[in-house]
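This report concerns only the one structure given below.
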Amino acid sequence: MSKTRVYEYAKKHNVSSKDVITKLKEMNIEVSNHMTAIETETVRRLDAIYNKTTEKQPQSQQSNQQQTGQGQQRPSGQGQQRPSGQGQQRPSGQGQQRPSGQGQQRPSGQGQQRPSGQGQQRPSGQGQQRPSGQGQQRPSGQGQQRPSGQGQQRPSGQGQQRPSGQGQQRPSGQGQQRPSGQGQQRSSGNQRGGNNNNRSKQNNNRGKQNQTHAPQPQVKKEKELPAKITFSDSLTVGELAKKLYREPSEIIKKLFMLGVMATINQDLDKDAIELICTDYGVEVEEEILVDTTDLEVYFTEDKEDLLGERPPVVTIMGHVDHGKTTLLDSIRHTKVTAGEAGGITQHIGAYQVEANGKKVTFLDTPGHAAFTTMRARGAKVTDITILVVAADDGVMPQTVEAINHAKAANVPIIVAVNKMDKEGANPDRVMQELTEHGLVSEAWGGETIFVPISALKGEGIDSLLEMILLVSEVEEYKANPNRPAIGTVIEAQLDKGRGSVATLLVQNGTLKVGDPIVVGNTFGRVRAMVNDLGRRVKEVGPSAPVEITGLNDVPQAGDRFVVFEDEKTARQVGEARSSQALQAQRSEKTKVSLDNLFEHMKQGEMKDLNLIVKADVQGSVEAVAAALQKLDVEGINVRIIHTGAGAINESDITLAAASNAIVIGFNVRPDNNAKRAAETEEVDIRLHRIIYKVIEEIESAMKGMLDPVYQEKTIGQAEVRQTFKVSKVGTIAGSYVTDGKITRDSGVRLIRDGIVIFEGQVDALKRFKDDAKEVAQGYECGITIKNFNDMKEGDVIEAYIMEEVER
Ligand SMILES: Nc1nc2c(ncn2[C@@H]2O[C@H](COP(=O)(O)OP(=O)(O)OP(=O)(O)O)[C@@H](O)[C@H]2O)c(=O)[nH]1
């Protein structure tokens with residue numbers, strides 16, 4: 001009989017070679033290593049030892065398992081027999097697919113097939129108890145430790161490990177359904193009833209136990225996902241992971257699966273955050289951070305059921321001398337003075353009249369201020385515009401401007417055809433001319449209301465008011481009188497006796513004496529209120545103009561005002577706003593110009609490019625405007641808000657400033673007032689003489705390709721009178737400045753007999769021995785030119801600079 005080697009024996013009995021060697025040494029048999037051959041007699045003696053231990057072992061294991069928690073105490077062999085998560089995930093019937101007596105029939109390599117995670121899940125203590133190498137070598141754990149033939153004796157072998165009688169209680173065939181080791185895994189046979197219900201319950205329990213115990217040593221116990229998370233603006237991967245109680249690596253993995261490579265500090269946009277959260281089934285909400293110092297945030301819409309009708313706010317516009325002031329006076333006198341003994345003692349730039357039991361507010365602001373200055377600050381105060389056109393004069397340039405202002409502000413227009421009492425009155429001509437500007441009278445099938453009036457004689461005023469009420473009925477101007485007031489400053493000044501005095505238009509809510517208020521960048525408490533009739537009032541409602549005192553400073557026309565609950569908040573907001581305003585004043589404000597147009601577009605600030613086109617004749621105006629309208633650059637829309645023939649005037653600039661527009665002058669120049677206004681308002685004026693250049697320039701600006709154009713400008717000339725060769729310096733041209741000046745930083749051209757010999761930069765410029773910044777005509781100097789030494793007497797050095805050309 002062939003001799004058996006130590007490792008062979010160990011393998012056969014599923015013990016480690018080391019263990020066998022120890023046993024052999026205990027038996028005083030000399031073995032050097034696992035390759036040592038052992039005698040048959042020795043094998044027999046070893047058999048005796050090992051068979052004895054195997055008989056004992058299952059019992060001791062059993063008792064251990066009964067005393068302690070299943071998951072942790074599971075013998076290593078068992079772990080191998082069940083894939084991880086089997087307790088929960090095993091499909092029903094899986095056991096049946098496995099042959100009975102699995103322990104013996106399972107291929108010996110099964111230990112190696114064990115999913116790697118399982119080994120990790122096993123408590124470390126157990127691993128140490130197991131002889132080294134056992135995991136891989138042992139075919140089915142217990143199978144070999146059991147006396148040979150145990151497999152055949154089963155289920156009786158199992159019966160020993162289980163409380164008696166259990167084997168019989170189990171429905172027939174069940175032994176086959178479960179892996180051989182499973183019986184041992186049960187903590188106690190008592191828990192396992194004889195019926196299926198109990199067992200299924202227990203299975204559930206086991207599932208839970210596996211769930212809670214299995215990942216313990218390795219995976220951190222994961223916190224439950226939140227039901228909802230909130231964020232403002234964006235979150236980094238790390239921040240999102242924290243909010244979801246997950247590891248950042250898990251989020252990165254998920255993002256990777258979604259095709260996004262991200263690092264822990266990477267900002268995720270709203271979409272990415274939503275994607276991840278949807279994946280986890282977590283609700284997301286974006287918090288919009290409210291800037292409490294921004295008064296616009298208080299201009300919120302009220303619920304429909306809280307709203308009540310409010311008077312319309314009307315402004316009157318038109319060409320010079322067409323009768324605006326006369327109309328305002330006429331309305332005021334017929335409707336106000338008549339009923340009010342004593343008349344208006346104080347004029348506050350706005351007033352209310354009553355017609356047919358309803359109030360109408362008129363803003364008596366000079367020129368286009370209601371539109372321009374107020375709109376420039378984003379305030380919309382006017383509901384309806386009355387366009388006054390003298391019937392004897394017809395549509396004039398300022399009429400067109402007024403139309404464009406109203407259209408840009410998206411305000412309905414009512415045309416008052418004035419001076420109807422005059423002999424040369426021709427209302428049809430007015431109608432005809434206005435048609436060209438998009439105002440078609442109702443009589444001619446259009447939508448614009450035309451009212452013939454005589455402001456001087458007070459004729460037609462009632463029907464004009466009626467029409468105003470009609471429009472306001474259609475437009476449904478509404479406000480909520482039961483809220484703290486909000487509105488806009490119409491005008492403000494510093495009064496010697498009363499301090500800061502501001503005329504406010506309440507646009508929503510009710511303003512009361514004593515209200516803590518922030519007006520623009522000023523704040524205070526409403527000390528006293530005077531209405532348009534010069535009467536002291538305690539409170540005023542929506543659409544009412546009122547003059548207030550009590551502010552710490554003078555606000556500006558067009559500023560917003562907001563009433564706060566308490567004075568402290570008002571003070572905080574007011575102070576914050578005034579310091580913000582100061583800062584903003586220091587840092588330059590950015591108006592749109594062609595040079596920064598693309599920047600604004602990129603930042604998403606602009607969707608419309610507003611243009612004002614002025615040209616020498618109407619024909620060119622139309623041609624330029626039409627060509628500009630055709631410009632098609634993705635993401636931006638060209639809006640021509642005003643056109644006209646003639647020089648660029650101040651009114652064009654105010655409109656441009658209010659609408660953030662660029663003024664294009666074709667064959668025209670701005671007049672002096674317009675130039676000054678454009679400078680202060682920072683309005684970009686572009687002057688051209690060739691139509692395609694206009695188009696090209698605007699198009700390239702829209703595409704962000706507007707490069708600055710530089711032009712060379714000669715600043716002076718010098719004649720070389722003598723040359724000096726200095727070692728390390730080179731040739732110095734002793735020259736005399738014959739024209740203009742030579743500067744240290746200018747470019748130079750060396751001209752010899754009318755031919756340019758060299759072009760470069762001044763290297764050094766000296767007056768005698770001193771460095772000079774510039775040397776003017778009539779002076780001598782020493783000039784060296786960078787990388788050039790070949791100067792000769794009689795050469796001319798021409799100096800030039802590059803200047804950015806205004807387009
Ligand atoms: N016959 C007649 N004259 C009128 C009428 N309305 C205004 N006028 C006269 O036209 C002139 C100009 O009137 P204003 O009311 O000052 O015109 P405006 O549009 O306010 O003029 P500016 O303030 O300069 O822009 C005055 O002499 C008025 O008397 C009218 O209905 N009929």
Side-chain angles (χ1 to χ4, degrees), residues 313-338 343-344 347-351 353 355 360-374 382 384-406 409 411 413-431 433-434 437 439 441 449-468 490-491 532 557 642 644 646-647 649-655 658 671 673-674 677:
V313 180
V314 183
T315 44
I316 297 179
M317 297 173 89
H319 191 68
V320 185
D321 278 354
H322 276 202
K324 297 182 294 289
T325 316
T326 314
L327 176 60
L328 270 168
D329 284 347
S330 182
I331 295 168
R332 191 189 299 146
H333 282 103
T334 49
K335 290 294 160 185
V336 183
T337 342
I344 305 165
H347 168 60
I348 65 163
Y351 60 86
V353 298
V360 178
T361 304
F362 282 91
L363 290 189
D364 185 8
T365 48
H368 304 135
F371 283 102
T372 52
T373 54
M374 291 187 193
T382 312
I384 300 168
T385 287
I386 305 287
L387 179 71
V388 181
V389 188
D392 60 335
D393 207 9
V395 172
M396 298 304 276
Q398 273 189 298
T399 317
V400 179
E401 274 174 27
I403 295 170
N404 292 334
H405 274 88
V411 171
I413 298 170
I414 296 175
V415 180
V417 185
N418 193 25
K419 305 194 185 181
M420 286 298 286
D421 59 296
K422 273 198 158 183
E423 255 186 36
N426 186 353
D428 281 354
R429 187 182 133 207
V430 175
M431 281 203 225
E433 286 171 346
L434 285 176
H437 299 279
L439 298 178
S441 111
I449 300 170
F450 280 67
V451 186
I453 59 160
S454 169
L456 194 69
K457 299 201 165 172
E459 287 167 11
I461 305 295
D462 283 331
S463 49
L464 181 65
L465 288 170
E466 229 168 79
M467 289 304 140
I468 293 170
I490 295 171
E491 54 187 34
D532 54 324
H642 177 55
N649 58 32
E650 203 177 344
S651 165
D652 296 326
I653 305 299
T654 30
L655 178 58
D671 61 29
N673 286 346

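For the numbers below, each heavy atom of this structure counts, side chains included, while hydrogens, waters and symmetry mates do not. Atoms within each ligand, like the ligands themselves, are counted from 1 in listed order.
- Looking only at side-chain heavy atoms (C-beta outward), V415 and I449 stay at 4.5 Å or farther from each other.
- Those atoms of ligand 1 with a heavy atom of K422 less than 4.0 angstrom away are 1 (N).
- For ligand 1, the atoms sitting less than 4.0 Å from at least one non-hydrogen atom of V320 are 24 (O), 25 (O), numbered in the order shown with element in parentheses.
- Under 4.0 angstrom from ligand 1, the non-hydrogen atoms of N418 all belong to its side chain.
- The closest approach between H319 and ligand 1 falls below 4.0 Å for a heavy atom of the residue.
- Comparing I316, D421, T325, L327 against atom 1 (N) of ligand 1, the shortest heavy-atom distance belongs to D421.
- Residue D321 has at least one nitrogen or oxygen atom sitting less than 3.5 Å from a nitrogen or oxygen atom of ligand 1, judged on distance alone.
- When side chains are defined from C-beta on, V389 does not count as touching V417, because their heavy atoms never get closer than 4.5 Å.
- You'll find the side chain of E423 stays beyond 4.5 Å of the side chain of D392, heavy atoms only.
- Protein heavy atom closest to atom 4 (C) of ligand 1, with residue, atom name and distance, is K419 CE, 3.7 Å.
- V314 is listed as a side-chain neighbour of I386, based on a closest heavy-atom distance under 4.5 Å.
- Of all heavy-atom pairs spanning A455 and G323, the tightest one is CB-O, 4.3 Å.
- Among protein heavy atoms, the minimum distance from atom 18 (P) of ligand 1 is reached at K324 N, 3.4 Å.
- Defined by atom type and a distance below 3.5 Å, a donor-acceptor pair is present between the side-chain atoms of H322 and D393.
- In this structure the side chain of I331 reaches within 4.5 angstrom of the side chain of F362, judged on heavy atoms.
- The option with the heavy atom closest to atom 31 (O) of ligand 1, from among S330, A391, A455, is A455.
- Side-chain contact check for H405 versus L655: some heavy-atom pair is nearer than 4.5 Å.
- Of the protein's non-hydrogen atoms, the one nearest atom 29 (O) of ligand 1 is L456 CD1, 3.6 Å.
- Closer than 4.0 Å to atom 27 (O) of ligand 1 lies none of the heavy atoms of the protein.
- Proximity of R429 to L434: side-chain heavy atoms (C-beta onward) are nowhere separated by under 4.5 Å.
- Looking only at heavy atoms of the protein, atom 17 (O) of ligand 1 is closest to G323 N, 3.1 Å.
- In terms of protein heavy atoms, atom 13 (O) of ligand 1 is closest to T326 OG1, 3.4 Å.
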